[in-house]
Amino acid sequence: MTGGISAPTELRLEVSPPVSLRCLHFKNLKRNAPKLLFVPGWTSPLETWRHFLPSLVRRFDTFYLESREKPSAQISSGVRFGLNDYVDDLVASIRLLGLEESGFVLVGSSLGATTILAATAAGRCDPMAIAVITPNLKFVVPSWVPFVLRATPARYLELLKRPARWYVLRFRINSGDVGHQQRFLDALDEAQPSRLKGSALDLLGTPLAESQLGKIVRPCLVLTASEDPLHDHADVQRVVDGVIGAKAIDLKTFTATHGSRASVLVGEFIDECVGEA
């Protein structure tokens with residue numbers, strides 16, 4: 001991290017017997033600074049958030065949670081990657097960090113955002129407010145992708161990264177959003193092929209039911225990116241419509257949702273909900 005932010009403390013969270021997650025604590029020494037748990041998206045590395053996190057870290061006591069498909073996670077063979085597994089991890093992390101004792105807010109992007117929505121809708125956590133960036137109700141890939149993944153032996157999975165680069169850059173990312181292109185390439189390079197395969201296949205079968213969104217009663221901010229083909233804008237809009245009283249702001253591009261202005265918008269929303277940090 002840059003911008004005068006001190007190095008975080010690295011924590012290991014044993015969320016279940018086969019899964020240990022890395023959590024970075026950017027401690028804020030301001031008295032009564034609200035606690036914020038941030039959950040990034042699928043395979044998204046810390047560097048992706050270099051322009052987003054500094055503003056929040058200065059204002060809130062911030063925890064950055066890396067999910068089970070990330071290289072930092074310690075997992076046993078046979079671990080599953082369904083949406084319910086991610087929800088279990090989030091709920092366990094909140095408990096292990098002791099966040100419920102003093103109140104907290106949840107912020108997440110993409111898969112992290114969907115996890116937050118699912119956990120909150122199910123009543124498994126009770127944040128003071130949530131802010132979600134381009135959440136997905138469902139995870140969609142071309143029909144041939146599951147077949148290719150299942151048919152590829154583990155030792156050859158690394159070879160699939162090259163065609164994956166071509167397909168996503170050609171068809172799923174805005175050609176004018178250079179920042180998104182680079183972030184995708186960085187995430188793909190860092191990702192572990194076996195976890196990419198397991199999570200891609202498992203997440204396809206665990207959509208978030210739109211009907212559940214009405215159960216969320218906490219203040220909710222949704223940052224959208226209408227020009228981002230990777231996150232279906234109509235799907236994101238269904239989240240906005242489904243969460244009662246949700247506030248939506250369209251930042252147009254993926255890169256903008258990961259930038260400093262997005263961070264300021266999230267911080268201002270949290271202040272409105274829980275008071276000035």
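Position 1 is the first residue of the sequence, and the numbers go up from there. Hydrogens, waters and symmetry mates play no part in the numbers below; they use all other heavy atoms, side chains included.
Two residues are said to be in side-chain contact when any heavy atoms from C-beta on lie closer than 4.5 Å; Leu11 and Leu97 meet this criterion. Contact annotation: the side chain of Pro135 approaches that of Thr114 to within less than 4.5 Å [non-hydrogen atoms, C-beta and beyond]. When side chains are defined from C-beta on, Asp250 counts as touching Lys252, because their heavy atoms get closer than 4.5 Å. Between Lys247 and Leu221 the shortest side-chain heavy-atom distance falls below 4.5 Å. Under the 4.5 Å side-chain criterion, counting only non-hydrogen atoms from C-beta, Leu53 is in contact with Leu46. Inter-residue side-chain proximity for Leu90 and Leu37 is flagged as met; some heavy-atom pair is nearer than 4.5 Å. Residues Val105 and Cys273 are not in side-chain contact: their nearest non-hydrogen atoms beyond the backbone lie 4.5 Å or more apart. Counting heavy atoms from C-beta on, the side chains of His25 and Asp61 come closer than 4.5 Å.
Counting all heavy atoms, side chain and backbone alike, Asn28 lies closest to Arg58 at ND2-O, 3.0 Å. What you find for Phe254 and Asp228 is that their closest heavy atoms are CD1-OD2, 3.8 Å. Closest approach of Arg12 to Arg22, counting heavy atoms only: NH1-CB, 3.5 Å. Contact between Leu56 and Thr62 at its shortest, heavy atoms only, is O-OG1, 3.6 Å. Considering every non-hydrogen atom in both Tyr64 and Pro40, the closest pair reads OH-CG, 3.5 Å.
The line from CG of Leu117 to CD1 of Ile130 is 5.0 Å long, rounded to the nearest 0.5 Å. One finds the OG1 atom of Thr9 at 9.5 Å from the CZ atom of Phe26 (value rounded to the nearest 0.5 Å). A distance of 4.5 Å separates OH of Tyr86 from OG of Ser199, quoted to the nearest 0.5 Å. With rounding to the nearest 0.5 Å, the separation of OG1 in Thr134 from CG in Asp232 is 11.5 Å. Within the model, atoms OG of Ser110 and CD1 of Ile133 stand 10.0 Å from one another, a figure rounded to the nearest 0.5 Å. For the atom pair CG (Leu106) and CD1 (Ile94), the distance works out to 5.0 Å, reported to the nearest 0.5 Å.
The backbone N or O of Thr253 lies less than 3.5 Å from no partner atom in the side chain of Glu227, so there is not a single donor-acceptor pair. With hydrogens and angles disregarded, a donor-acceptor distance shorter than 3.5 Å links the side chain of Arg68 to the backbone of Arg80. For Arg195 (side chain) and Ala73 (main-chain N/O), a donor-acceptor pair under 3.5 Å exists by modelled atom type.
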Original post:
Can you check side chain to side chain donor-acceptor pair (under 3.5 Å) on Trp49 and Ser44, steps first, answer last?
Top reply: CA-CA 9 Å; Trp49 300 98; Ser44 178; 3.0 Å; yes

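Phe63 and Phe104 have their aromatic ring centers separated by at least 6.0 angstrom.
Follow the hydrophobic side-chain contacts under 4.5 Å out from Val264 and you never reach Leu251; the two are in separate clusters. Cluster annotation: Leu213 is not connected to Val217 through the hydrophobic network of ILVMFWY side chains, with a link wherever side-chain heavy atoms come within less than 4.5 Å. Clustering ILVMFWY residues whenever any of their side-chain heavy atoms sit less than 4.5 angstrom apart, transitively, puts Trp166 in the very cluster that holds Val145.
For residues 93-114, no pair satisfies salt bridge (charged side-chain N to carboxylate O under 4.0 Å, His left out), with sequence neighbours left out.
Of the residues Asp88, Asp89, Leu65, Asp85, the one that meets the side-chain contact (heavy atoms from CB on, under 4.5 Å) test with Val15 is Asp89. Paired with Thr115 under the rule side-chain contact (heavy atoms from CB on, under 4.5 Å), one option of Val87, Asn84, Thr120, Leu208 passes, and it is Val87.
One finds a salt bridge joining Asp235 and Arg238 here, because a Lys/Arg side-chain nitrogen approaches an Asp/Glu carboxylate oxygen to under 4.0 Å.
With 3.5 Å as the limit, one finds a donor-acceptor pair spanning the side chains of Lys70 and Ser67.
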